[in-house]
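Heavy atoms only: backbone and side chains are in, while hydrogens, waters and symmetry mates are out. Everything numeric here is computed off the predicted structure, so don't read it as measured data.
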Amino acid sequence: MSKTSGAGNKSMSAVLACLVLGMTVLSGCESAPSSADPTTGGASSPASQGQTAIDHSEPLTITVFDNAANYQGEQTGWYGKLLKDKFNLTLNILAPQIAGDQLYKTRSAAGDLGDLMIVDNSQLEELIPAGLVMDLTDKVKNTKYLSTYVDNHYKPFNAAFDKVNPDGKIYAMPTFEADTSPTTFSEEIPYSSPIMPWDYYKGVGAPKLNNLTDLLNVLKSMQEKYPKTADGKPIVPITLWKDWDNGDMENVRWLSNWYGYEQPEGTTTLQLNAKGDIVPLVDDNSMYKKILQFYFTANQMGLVDPDSATQDWNKVAEKLTNKQVLLLWYSWQRGFYNSIERGKNGDGNVAVPIADTHIIQNSDAYYGNGRVFALGAKAKHPERIMEFLDWTVSPEGLRYYTNGFEGFNYEKTADGKYKLTEVGQTAFQKNTPVPDQYGGGGYQDGQSKINSMIMSDFVKDPDTGEFYNNNYWSTTIEANKTALTTDWQKAYDATNPTEYYMKNHMIDIVPNINTSLGSDSSDIKNKRSQISNYVKNTSWKMVFAKNQAEFDQLWAKMKTDVVGLGWEDVFAADKTKAQKIVKMRTEASANK
């Protein structure tokens with residue numbers, strides 16, 4: 001998984017975790033099928049509509065600069081073999097999350113980020129005028145699958161970058177776009193909400209949670225009753241990680257959503273609610289401070305994983321797979337453990353609403369989620385890269401990315417639908433060995449390390465009329481009528497968490513806005529960087545402060561110190577960005 005920088009992190013990884021399972025109501029993620037068509041390796045083949053045959057006779061390695069990736073190096077495993085067999089193509093992934101932010105600065109200064117780039121919107125705004133991005137207008141037009149999304153998706157997105165793209169050219173395609181509508185929310189559970197192991201929660205009496213204090217108390221009870229897994233691994237109530245931190249502490253950012261405040265992509269100094277209220281991050285009444293206080297109190301109670309300050313996301317993923325974590329907050333985290341078989345035994349992670357929360361939730365990412373796919377201006381063999389990208393949004397490409405391969409992860413039913421195989425239900429979690437004919441190795445190890453996609457799993461497969469996301473397949477929904485699901489539904493009198501939050505007026509769904517917010521001047525960029533580093537470091541110190549007095553002292557000092565670093569200037573820039581989002585949300589709501 002990856003970080004989604006809000007966009008990404010969710011990135012991530014999100015999709016991969018989703019991949020495997022089922023559990024409509026209580027589990028997570030996605031999937032879809034496909035028939036493998038390992039083709040021609042060295043032959044030529046017509047790839048895209050209107051194109052002449054593309055010569056695959058020479059092997060091609062493309063450099064992928066990928067903000068979403070949690071892996072750096074050559075794509076291997078079954079996905080690597082698939083691309084090699086089908087396109088005679090190898091991916092060499094460069095991952096800033098691993099190599100560090102300096103990688104972007106160094107490579108952009110040198111004039112060549114890579115052949116294929118998955119970068120943030122704000123970076124795109126810098127790279128276009130710098131001449132580092134290829135104009136894809138005609139190239140997209142000549143594709144079979146990408147071209148179908150031009151008018152409703154790519155044109156409006158690229159047109160919004162009018163300051164650097166006055167001619168309205170298509171330079172990039174946003175990531176994880178849905179094909180529903182700009183105001184629809186299709187998922188069964190909000191992106192961030194309280195999630196816990198149902199059996200452990202019931203094991204301590206399933207007390208009603210009125211607020212965060214109740215949440216901490218129930219986590220304490222669960223920790224005392226369930227200190228270790230069956231094989232002796234320690235269970236931690238809350239586990240944190242640093243490597244997704246961007247402008248502030250990422251783990252704080254997402255719990256702020258529970259109380260109606262989000263941090264828009266591209267901003268680092270403020271939070272925004274559904275009404276359009278803008279609150280500085282360092283305001284004494286900000287949700288950022290409330291959540292920092294929550295984590296601090298949790299640590300004082302012995303509820304925070306001692307590995308938090310030193311571990312990375314990959315270590316957290318291992319713990320999720322082993323059911324070593326009691327509180328989850330990303331919807332897709334359920335996919336690391338939940339399965340249909342476990343659900344039959346009432347075992348799995350489920351939404352556990354807290355009465356005083358009021359979640360803010362963006363609608364489906366119709367226009368994407370803050371990152372883009374683009375080609376470097378110096379990309380070698382752009383026609384072959386476009387062929388590959390076109391395939392990734394084809395039914396076959398989407399099925400491979402979201403669901404693995406037919407006959408292994410899923411199979412076709414008599415009525416033409418798809419259903420997960422027994423292997424497919426847990427292949428991600430168990431890293432199941434893959435048959436040699438598909439490339440061998442472990443299934444999870446061999447998944448696409450790009451960790452991002454142009455069209456998301458909330459696009460409908462034309463062969464089935466269902467989303468590629470396997471949690472929404474009719475066969476999965478039927479299979480998910482397990483003890484876990486029915487027990488949860490009975491307890492909360494709702495089909496799924498989203499319905500529960502809607503019925504109880506505990507959620508605001510706001511139009512998803514993904515647009516140009518303007519790039520920072522060099523002055524703002526420098527100030528933002530200094531402030532971000534300071535806020536991140538201080539936030540972590542506050543969580544692990546020795547007592548409340550130290551917590552308060554660190555907060556007070558941070559409020560003062562960031563002013564000296566240029567806070568007012570950066571906040572003003574962010575406020576302009578947030579106001580643009582508020583305006584566009586109002587317009588989108590009025591037009592729905």
Side-chain angles (χ1 to χ4, degrees), residues 1-13 16 60-76 80 90-134 171-175 241-250 265-266 268 310-315 369-380 382 385 389 448-453 519-522 524-537:
M1 219 121 273
S2 84
K3 112 201 217 162
T4 303
S5 82
N9 290 7
K10 328 159 193 174
S11 57
M12 83 50 221
S13 294
L16 300 185
L60 175 65
T61 296
I62 62 173
T63 299
V64 184
F65 182 91
D66 188 352
N67 280 347
N70 294 309
Y71 168 90
Q72 181 156 283
E74 181 180 318
Q75 169 76 54
T76 57
T90 301
L91 306 178
N92 178 34
I93 297 173
L94 303 178
Q97 291 193 63
I98 294 173
D101 294 340
Q102 189 62 34
L103 183 65
Y104 173 79
K105 297 175 183 175
T106 302
R107 292 189 67 93
S108 58
D112 186 6
L113 267 186
D115 302 306
L116 175 62
M117 304 180 291
I118 295 94
V119 295
D120 297 348
N121 290 352
S122 59
Q123 293 171 328
L124 179 68
E125 293 197 278
E126 298 173 339
L127 297 173
I128 291 174
L132 301 188
V133 185
M134 187 176 291
Y171 281 105
M173 296 164 284
T175 57
W241 60 100
K242 282 184 176 179
D243 50 324
W244 288 9
D245 288 353
N246 190 9
D248 49 43
M249 191 171 170
E250 187 82 357
E265 290 300 328
T268 57
T310 56
Q311 68 184 349
D312 63 10
W313 163 254
N314 292 321
K315 185 63 179 176
N369 70 358
R371 287 184 179 144
V372 299
F373 279 73
L375 266 61
K378 298 180 181 177
K380 300 176 290 293
I385 300 174
L389 294 180
S448 170
K449 301 305 181 187
I450 289 179
N451 202 27
S452 190
M453 52 205 296
S519 58
D520 289 339
S521 66
S522 57
I524 294 296
K525 187 177 295 184
N526 289 335
K527 290 175 179 175
R528 187 186 299 284
S529 177
Q530 292 182 63
I531 291 170
S532 295
N533 288 333
Y534 186 88
V535 170
K536 285 185 289 188
N537 292 334

State, with a plain yes or no, whether a side-chain heavy atom of [X] is found less than 4.5 Å away from one of [Y].
X      : Y      : value
Leu60  : Thr90  : no
Val133 : Leu124 : yes
Gln75  : Lys449 : yes
Ile385 : Asp115 : yes
Val372 : Ile118 : no
Asp66  : Leu94  : no
Leu103 : Phe65  : yes
Thr310 : Trp241 : no

Any chance you could measure [X], atom [atom1], to [Y], atom [atom2], to the nearest 0.5 Å?
X      : Y      : atom1 : atom2 : result
Ser522 : Glu126 : OG    : CD    : 10.5 Å
Gln72  : Ile98  : CD    : CD1   : 5.5 Å
Asn451 : Ile93  : CG    : CD1   : 9.0 Å

Fill in the blank from the handout: Exactly one of Leu127, Leu132, Leu375 clears side chain to side chain contact (heavy atoms under 4.5 Å, CB included) with Met117, and that residue is Leu127
Exercise for the section: Could you tell me whether a side-chain N or O of Asp245 sits under 3.5 Å from a main-chain N or O of Glu250, the two making a donor and an acceptor? Expected result: yes
Handout entry: Main-chain N/O of Asn526 paired with Ser529 side-chain donor or acceptor, under 3.5 Å
Key = no
Please give me the minimum heavy-atom distance between [X] and [Y], naming the atom from each residue.
X      : Y      : result
Met249 : Lys536 : N-CG, 4.3 Å
Ala379 : Met134 : CB-CE, 4.1 Å
Met453 : Phe373 : C-CE1, 3.6 Å
Thr268 : Asp248 : O-OD2, 3.9 Å
Asp243 : Gln311 : OD1-O, 4.4 Å
Ala69  : Ala95  : O-CB, 3.6 Å

Can you find a side-chain donor-acceptor pair between [X] and [Y] that sits under 3.5 Å?
X      : Y      : result
Gln97  : Tyr71  : no
Asn67  : Gln123 : yes
Thr175 : Asn369 : yes

Problem - Residues Arg371, Asp120: salt bridge by 4.0 Å N-O rule - result: yes
Handout entry: Asp520 bridged to Arg528 by N-O distance under 4.0 Å
Key = yes
Handout entry: Neighbour count above 12 (heavy atom, 6.0 Å) for Lys242 NZ
Key = yes
